[in-house]
Undergrad: 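Shown below is the structure under consideration.
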Amino acid sequence: MTALGSGSTPCGCGGGSAPAPPTGPAPAGGPCGCGPCGGDELPVNPFLALRAAFGMLLGEDDFRVLMGNPRGKLMLHHAWQHGPGVVRGLGVTRDGDELRVLPGLAVDGLGRELTLDAAWCLSLSGWARAWTEAHPPPAPDGPPADGPGPGAPARRTAEAWILAEFASCPDRPVPALADPCDVMRRHDDFSRIVEGTRITIRSAAPAPWRPYHRIRVLLGLDEAAPGDTAGQEALREAAEVARVPAHLRAPALLAAFRRLAAADATALEPEREEGDACPPGAPVTEDHAAVVLARLTVELTEYDGCVRVEEVYADPSVRTALLPTTTIQELLCALAPGIVGAAAPADAGGPRLVAGSLAWSREHTVLGFEVTAPLAPGSAEAEGIEITSLSDTGRGWAADEVAGIRVSADGRRVKVDLDQRPAYETVRVRIRGTGPKPLYGAHPKAPFAGPEGGPPGTADEGNDAVVTVHLPREAAPGRTEE
């Protein structure tokens, strides 16, 4: 990816986030390198701690271990438990020919805090010239127009991404003993490292870090392609949760969430590159650690070798915002009234329609289905089942007469006899658990509760089960479409 405008300096009060280092030889990698992974400026040792003892002689390496342990643990926590994003500020605005990034705070993909103390500025006209040089317009298909004069102004749209990256600079030199191996014989060295932020503009979109793919599919945030094994596993779990009755769905969803989260966490691995100098264990490498601030769209006009900036749009919706834990707790409480106040009554245990058991026979004059519990003898009467059909040719609805109902000896299988096949093709079957004569269960004595997975039924009122089927077009005896 090509970084354009990364050499610009901060503007505003203070002139920058870090003091300028003194003149003279600088450590390897430059005074403002890319941070601990570039110049070995800031140690990171999350799993190495100093064990001090009385009388121990401590040297530079011991103090680096002392600094690197808490810093490394904090970075590890930020990177894996929170991820990269903006904590506050870092807004992007335009002021005449300047593009400004306002002060703010963020956390990058390696868990480092990015602080911008003063506004960062970039000349839009200068950036536009650099962009046009890096992206020349395509050659015209036809021959050039006749005449020595310049052509018509060309309008182009430049798109780029504004990123925040970690930067560190050594500061405050103090007298120091000369290293006998240092041929330069320096008698001073930097005593501070100032952490800051470098703003870059890149032409390619960075790849977002989106772990826990199974969880995201379960909650509808990610798609699952046909060959996506993990995603398909999450889709099956989601389908199982959807089949659970509404009053039992919350614990079922929690169980599925835990199973998929365990699988996602087991599959998580840090991103690695061959020859990477960063301490292992970070979710991403240094190349992918930047924080996205905005997507930049600039309308340009090119005419006779000149570039003019027209409209400038900075879309901050592409950034990730890191919310405080207290805010997340309160946002989750917003759902509590719907969960706590809507506690469904316990199901009375009435029989339910077995899913997929509805079947036709005898040239669509007999309808059969199964229930989950035995029906009370004599409770299945013709008024408890309604069958209507809708014409595909616009003739409306027809009521199909139920001639009789037969129940098996065990009370679980029902046969509905019609006087003739339904009049039209689209058939709606309604098995009643409500009204004056619903189907009724034997043990316990409770009305029909509706389909499997439906809302609970009470001991006083059940639920209807409605199933729509489409039969082949065939006129019933004694009925015509003319």
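Heavy atoms only: backbone and side chains are in, while hydrogens, waters and symmetry mates are out. Numbering starts at 1 and runs along the sequence shown. Because the structure is a prediction, the values reported are computed rather than measured.
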Undergrad: Taking only Lys NZ, Arg NE, NH1 and NH2, and the carboxylate oxygens of Asp or Glu, determine whether Arg432 and Glu386 approach each other closer than 4.0 Å.
TA: yes
Undergrad: For Thr320 and Arg210, which heavy atoms make the closest approach, and how far apart are they?
TA: OG1-NH2, 4.1 Å
Undergrad: If you draw a 6.0 Å radius around CZ in Arg428, do more than 12 non-hydrogen atoms from other residues or ligands fall strictly inside?
TA: no
Undergrad: Counting only pairs under 3.5 Å, give me each side-chain donor-acceptor contact of residues 436-454, with atom names and distances, residues two or more places apart or in other chains.
TA:
from: Glu452; atom 1: OE1; to: Ala355; atom 2: N; distance (Å): 3.0

Undergrad: As a test of understanding, state which of Ile199, Thr197, Thr93 forms a side chain to side chain contact (heavy atoms under 4.5 Å, CB included) with Val101.
TA: Ile199
Undergrad: What residues form a side chain to side chain donor-acceptor pair (under 3.5 Å) with Arg216, not counting sequence neighbours?
TA: Asp222
Undergrad: How long is the straight-line distance from CG of Leu42 back to CZ of Arg112, given to the nearest 0.5 Å?
TA: 9.0 Å
Undergrad: Answer yes or no: are there more than 12 heavy-atom neighbours, outside Lys415 itself, under 6.0 Å from its atom NZ?
TA: no
Undergrad: Considering only heavy atoms from C-beta outward, does the side chain of His82 approach that of Val107 to under 4.5 Å?
TA: no
Undergrad: For residues Glu113 and Leu74, report the shortest heavy-atom separation together with the two atoms involved.
TA: OE2-CD2, 3.5 Å
Undergrad: Look at atom CZ of Arg362 and say whether more than 12 heavy atoms of other residues, nucleotides or ligands are closer to it than 6.0 Å.
TA: no
Undergrad: Hydrogens and angles aside, do Ser317 and Asp315 bring a side-chain donor and acceptor to less than 3.5 Å of each other?
TA: yes
Undergrad: Enumerate, atom names and distances included, each donor-acceptor pair closer than 3.5 Å involving a side-chain atom of residues 230-238, sequence neighbours excluded.
TA:
from: Gln232; atom 1: NE2; to: Ala225; atom 2: O; distance (Å): 2.9
from: Glu233; atom 1: OE1; to: Arg214; atom 2: NE; distance (Å): 3.1
from: Glu237; atom 1: OE1; to: Arg259; atom 2: NH2; distance (Å): 2.9
from: Glu237; atom 1: OE2; to: Arg259; atom 2: NE; distance (Å): 3.0

